[in-house]
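Note sheet for the following structure.
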Amino acid sequence: MMPETTAYLLLGLAAITLILLALIGSMVVRYRNLQQDIKTLEQLDSDS
Amino acid sequence: MSAVRSLPLEGQPQTHTTTRTRLLRTLTIITPLAVIVGLYFTLFYAGTDIEQGNVQRIFYVHVSSFAGAFVALGATVFAGIVYLRTSNPKWDALALSGVEVGLGLGVINLVTGSIWARPIWNTWWTWDPRLTSAAIMVLTYAAYLMLRSGIENPDTRRRFASVYGILAFSTVVITLVIIRIRPDTIHPAVIGASPQNAQGGFGLTSSMTTALSVNMVVWSVFVPLTLMWWRIRLDNLSQRVQEMRLRALED
């Protein structure tokens with residue numbers, strides 16, 4: 001009889017999704033922070 | 001300081017930047033679709049293993065994510081060698097992107113393996129040679145990120161990271177070949193003959209081979225390429241901010 005292991009498959013897929021989201025999310029956050037820095041520096045430049 | 005605004009994003013001519021941006025955007029759209037196609041082959045196309053049930057399907061991503069890590073970390077070796085020869089920082093950016101993406105894919109490989117092992121080996125973890133070498137590999141590259149962030153001087157940091165990235169690849173090679181040279185491992189080989197003590201191995205049917213091949217392309221070409229490219233963009237943007245800060249200080 002085939003063992004019922006679907007729950008572990010779903011757990012695996014959830015883990016893959018979480019790790020990928022963490023990797024992509026960290027890049028998105030850093031990208032946005034850097035764009036914010038550029039805006040601030042440009043603002044400082046125009047003010048001076 | 002007003003000249004800073006006109007700096008091209010990657011120090012490239014505008015036409016190159018636009019073409020590359022278009023290509024990256026295309027890849028960014030294609031890659032999630034490719035992952036979904038891979039998932040379709042994993043969940044619906046490949047037949048179910050009678051002995052293991054549905055958890056066996058994790059193997060299509062488990063094996064492919066290691067292949068992706070191999071590609072990304074291999075790029076780090078290549079970029080490290082070229083950086084040491086040329087001292088051009090763009091190669092260091094490629095090396096760093098390879099480590100970040102390779103580490104992420106290595107963690108996916110490790111975690112999916114652990115989840116598969118629970119119902120098949122009746123444990124989340126065992127200090128098997130293959131599992132131990134995979135864990136050492138992940139820790140080695142995590143240490144790369146921590147150590148390089150602790151070096152202030154950019155040239156020293158890049159040189160150190162290049163040498164470290166080249167040497168660290170030995171952990172990837174050892175992880176890859178250890179099931180062929182250590183007869184006491186219980187980790188099965190999906191491609192080729194399994195070690196004699198292997199537990200949880202399975203024969204690949206034609207539908208399983210197709211599912212594995214599709215996932216290999218998705219996880220070892222599309223995923224690392226797209227993520228590494230975005231990581232390089234991030235590095236370029238960071239360099240631009242650094243330059244702007246320096247010019248602001250000069251003014």
Side-chain angles (χ1 to χ4, degrees), chain A, chain B residues 1-5 28 32 35 39 42-43 48-62 65 97 100-101 103-120 219 223 226-227 230-231 233-245 247-248 251:
Chain A
M1 190 179 147
M2 193 188 302
E4 180 45 56
T5 54
T6 309
Y8 291 98
L9 169 66
L10 296 175
L11 182 62
L13 293 175
I16 292 162
T17 309
L18 272 177
I19 296 163
L20 273 181
L21 284 179
L23 187 60
I24 295 165
S26 79
M27 281 199 232
V28 170
V29 168
R30 283 180 283 172
Y31 208 92
R32 282 184 182 167
N33 287 343
L34 286 169
Q35 280 179 330
Q36 190 60 47
D37 287 351
I38 287 173
K39 272 184 192 167
T40 309
L41 285 163
E42 282 175 346
Q43 185 66 43
L44 281 170
D45 180 42
S46 62
D47 288 350
S48 60
Chain B
M1 185 168 160
S2 57
V4 172
R5 283 186 220 153
T28 308
V35 170
L39 206 57
T42 297
L43 298 176
T48 310
D49 185 81
I50 295 170
E51 288 181 6
Q52 299 185 17
N54 277 325
V55 76
Q56 177 272 340
R57 296 177 192 278
I58 281 182
F59 255 85
Y60 303 115
V61 179
H62 174 71
S65 61
S97 72
E100 262 198 35
V101 174
L103 180 62
L105 292 171
V107 171
I108 288 178
N109 173 262
L110 212 56
V111 171
T112 51
S114 176
I115 292 168
W116 170 85
R118 182 65 185 90
I120 306 302
W219 290 91
V223 173
T226 309
L227 290 176
W230 274 113
R231 183 61 187 83
R233 282 287 170 109
L234 187 67
D235 204 71
N236 290 335
L237 202 61
S238 174
Q239 292 295 327
R240 190 179 163 194
V241 170
Q242 287 298 329
E243 284 170 20
M244 287 176 80
R245 278 184 184 146
R247 281 168 197 258
D251 291 348

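Chain letters run A, B, ... following the sequence lines, proteins first, then strands; residues in each count from 1.
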> How long is the gap from CG on B:Leu237 to CZ on A:Arg32, to the nearest 0.5 Å?
Replying inline: 13.5 Å
>> Counting heavy-atom pairs closer than 4.5 Å to chain A, which one of B:Ser238, B:Ser114, B:Pro119 comes out on top?
In response: B:Pro119
>> Minimum heavy-atom separation for A:Gly12 and B:Ile115, please, with both atom names.
In response: CA-CD1, 3.7 Å
> Which answer fits A:Leu13, side chain, backbone, both or neither, if we ask what part of it has an atom under 4.5 Å from a heavy atom of chain B?
Replying inline: side chain
> Given side chains that start at C-beta, do those of B:Val111 and A:Leu18 come closer than 4.5 Å, heavy atoms only?
Replying inline: no
>> Ignoring hydrogens, what is the shortest heavy-atom contact between A:Ile38 and B:Val241? Give both atom names and the distance.
In response: CG1-CG2, 3.5 Å
>> How close do B:Glu51 and A:Pro3 get, counting heavy atoms only, and between which atoms?
In response: O-CG, 3.1 Å
> What residue in A:Ile16, A:Leu23, A:Ile24 has the most heavy-atom pairs under 4.5 Å with chain B?
Replying inline: A:Ile16
>> With a 4.5 angstrom heavy-atom cut-off, is it the side chain or the backbone of B:Glu100 that approaches chain A, or both, or neither?
In response: both
> In terms of heavy-atom proximity below 4.5 Å to chain B, should A:Ile19 be classed as side chain, backbone, both, or neither?
Replying inline: side chain
>> Heavy-atom cut-off 4.5 Å, strictly under: side chain, backbone, both or neither for B:Val61 against chain A?
In response: side chain
> Looking at B:Met244 and A:Glu42, what are the two nearest heavy atoms and their distance?
Replying inline: CE-CG, 3.7 Å
> Which heavy atom in B:Trp219 sits nearest to a heavy atom in A:Leu20, and how many Å separate them?
Replying inline: CH2-CD1, 3.5 Å
> For chain A, which of B:Leu43, B:Thr112, B:Ile50 has the most heavy-atom pairs under 4.5 Å?
Replying inline: B:Ile50
> Ion pair present between A:Asp37 and B:Arg245, side-chain N to carboxylate O less than 4.0 angstrom?
Replying inline: yes
>> Please classify the contact of B:Leu103 with chain A as side chain, backbone, both or neither, using a heavy-atom distance under 4.5 Å.
In response: neither
> What's the spacing between A:Leu9 CG and B:Thr42 OG1 if we round to 0.5 Å?
Replying inline: 9.0 Å
> Looking at CZ of B:Arg240 and CD of A:Gln35, how far apart are the two atoms once the value is rounded to the nearest 0.5 Å?
Replying inline: 9.0 Å
